[in-house]
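Only one structure is covered here, and it is reproduced in the block below.
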Amino acid sequence: MKVLLVGSGGREHALAWKLSQAPSLDELHSAPGNPGIASLGQCHPVHAEDGEGLLHLAGALDADLVVVGPEAPLVAGVADQLRHAGVAVFGPSAEAARIEGSKTFAKDVMRDAEVPTAESLSIARAPCVIKADGLAAGKGVFICRDHKQLDSALLAAGAFGDSIVIEELLEGEEISVFALCDGARALALPVAQDFKRAEEGDEGPNTGGMGSYSPVPGFGPPEVEELLDTIHRPVLAELAERGTPFVGVLFAGLMITPEGPRVLEFNCRFGDPETQSLLPRLEGDFLAALAAAAAGDLSDVDLTVADRAAVTVVLAGGEYPASNDVGSPIEGIAEAEEEGALVFHAGTARKEDRFVTNGGRILNVTGIGDSVGDARELAYSACERISFPKMRYRKDIAAMTHV
Ligand code: AMP
Ligand code: GLY
């Protein structure tokens, strides 16, 4: 198969890495891709949200499948544009992607599907959570434990320009639960945990994610099936009933509360950086699974999950998440790979014969091992090989006592 992968982050580099191992892959192309993806396939200078450009490129390449990584093109309707022209796409329609693109839509679907979620509140009074309604790259959520936090949250959330959602504040452990979906069926992927706050000890502002690991103790295959029965499958059925079946990855961000799992949010795509930790654990032909989902029939697909563990540490620019770092030279990627880690490019550029920073999250370093502890040790020793000015990473990814 010829595949066109849309996107340019660490998640897309990890997808490219996994796709490049698939027996059914003949050619890998990416738009726009990144310098890491360029070592696995051919990158084309077409923007991820340029539906016309992607349609033209898919035609010129005679692509058998387009895999869309990020949410913005999905919410903007890129998958529809391709599908209407007869191109097979892994990724939901704009209507189905509203499950991520609009928090009020997601709440409405969850209510009709009877899926447990944080209760919506009609007035903002601490403790509560304030959310901007539209897409905000994980940065539009404000936890308000007191008055002062609430006041600044209302100001900040208003700045996103959308209406706001007010929710009860839930406490518990958070997990990311992913399912490949063909419009009707949901196939479980490994559960991962993400570290969203910028600073160690879960302090500082929310980010897109500073690290991840998989497996998460207590969430093996039987527990995941139960979660899919409670959450993903009712949502799929509800979306299908509304005439907008969901094809792609349905990603539920859950809080495990003493009263049971509660949905914090849905995403319409793979998690970043969860994907970097879950793909190394998958066995089987990943491309064949994505193609089957895109074709609307996952019934014959069987992806097994290996016993090994993976830990991913995000190397970020000094000012992330407030601002990007551009043009700083990066050292030590090859040395980190020699240690045995995977190094995914998230925000880099090539300048002459070297890599430089070009974003907020710059690189993702993934260690694989028999246990989370082993994987973590490898990831961190590889991180020490890499440097760029003002590089910053959390030292406590996957450092829980129960792992
Ligand atoms: P979201 O973008 O909705 O996933 O929110 C980002 C992060 O904010 C989540 O991963 C949680 O850490 C936190 N969060 C969101 N909603 C709630 C809630 N109702 N109670 C507690 N924390 C929440
Ligand atoms: N890491 C969380 C996300 O991809 O939204």
Side-chain angles (χ1 to χ4, degrees), residues 7 9-12 14-15 69-72 74-75 97 99-107 110 116-121 124 126-145 149-150 153 156-157 160 162 164-178 189 191-198 202-214 216 248-259 261-279 312-314 316 320-321 344 346 360-361 364 394 397:
R11 163 185 51 209
E12 285 76 27
L15 286 165
E71 61 276 20
L74 294 166
V75 171
I99 198 81
E100 170 163 5
S102 164
K103 300 216 185 261
T104 45
F105 175 79
K107 284 280 183 207
M110 282 190 272
T117 180
E119 219 174 296
S120 296
L121 305 174
C128 69
V129 179
I130 303 287
K131 301 185 177 186
D133 190 28
L135 286 186
K139 297 164 200 161
V141 175
F142 305 89
I143 308 292
C144 310
R145 293 187 196 278
Q149 288 174 334
L150 179 58
F160 283 93
D162 294 304
I164 60 164
V165 172
I166 312 161
E167 267 184 9
E168 70 174 312
L169 176 65
L170 297 172
E171 308 280 358
E173 185 150 7
E174 274 186 70
I175 57 171
S176 301
V177 184
F178 302 88
L189 294 172
V191 171
Q193 202 161 35
D194 175 22
F195 293 75
K196 287 205 158 78
R197 300 299 198 92
D202 291 329
E203 302 283 341
N206 259 323
T207 70
M210 295 298 288
S212 65
Y213 74 96
S214 179
V216 180
V249 177
L250 184 59
F251 159 6
L254 304 183
M255 184 80 86
I256 306 301
T257 75
E259 288 76 42
R262 298 282 182 275
V263 176
L264 295 178
E265 63 163 353
F266 280 111
N267 295 308
C268 64
R269 37 90 193 163
F270 282 101
D272 189 350
E274 289 96 325
T275 303
Q276 291 83 318
S277 291
L278 75 83
L279 290 182
T312 299
V313 178
V314 171
Y320 180 74
F344 297 117
R361 295 187 287 181
N364 309 145
R394 276 181 62 165
I397 303 303

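In each ligand, atom 1 is the first atom listed, and ligand 1 is the first ligand listed. The residues of the chain are indexed from 1 along the displayed sequence.
Within the listing of ligand 1, atoms 21 (C), 22 (N) sit less than 4.0 angstrom from a heavy atom of M255. Interface atoms of ligand 1 facing I143, defined by a heavy-atom separation under 4.0 Å, are 13 (C), 14 (N), 22 (N), 23 (C). Short contacts between ligand 1 and E168, defined as distances under 4.0 Å to a heavy atom of the residue, involve ligand atoms 18 (C), 19 (N), 20 (N). Within the listing of ligand 1, atoms 2 (O), 3 (O) sit less than 4.0 angstrom from a heavy atom of K103. Heavy-atom proximity to L169, at under 4.0 Å, picks out these atoms of ligand 1: 20 (N), 21 (C).
Between A118 and ligand 1, no pair of N/O atoms sits closer than 3.5 Å.
Within the 4.0 Å heavy-atom criterion, the part of V129 lying near ligand 1 is the side chain and not the backbone. Within the 4.0 Å heavy-atom criterion, the part of V141 lying near ligand 1 is the side chain and not the backbone.
In terms of modelled atom types and a separation under 3.5 Å, the side chain of R394 and the main chain of A198 share no donor-acceptor contact.
Protein residues with a heavy atom closer than 4.0 Å to ligand 2 are D194, G208, F251, N267, R269, G271, D272, P273, E274, listed by chain and number.
Every heavy atom of E171 sits 4.0 Å or more from the atoms of ligand 1.
Checked options L278, V216, L254; the residue passing with V191 is V216 (criterion: side chain to side chain contact (heavy atoms under 4.5 Å, CB included)).
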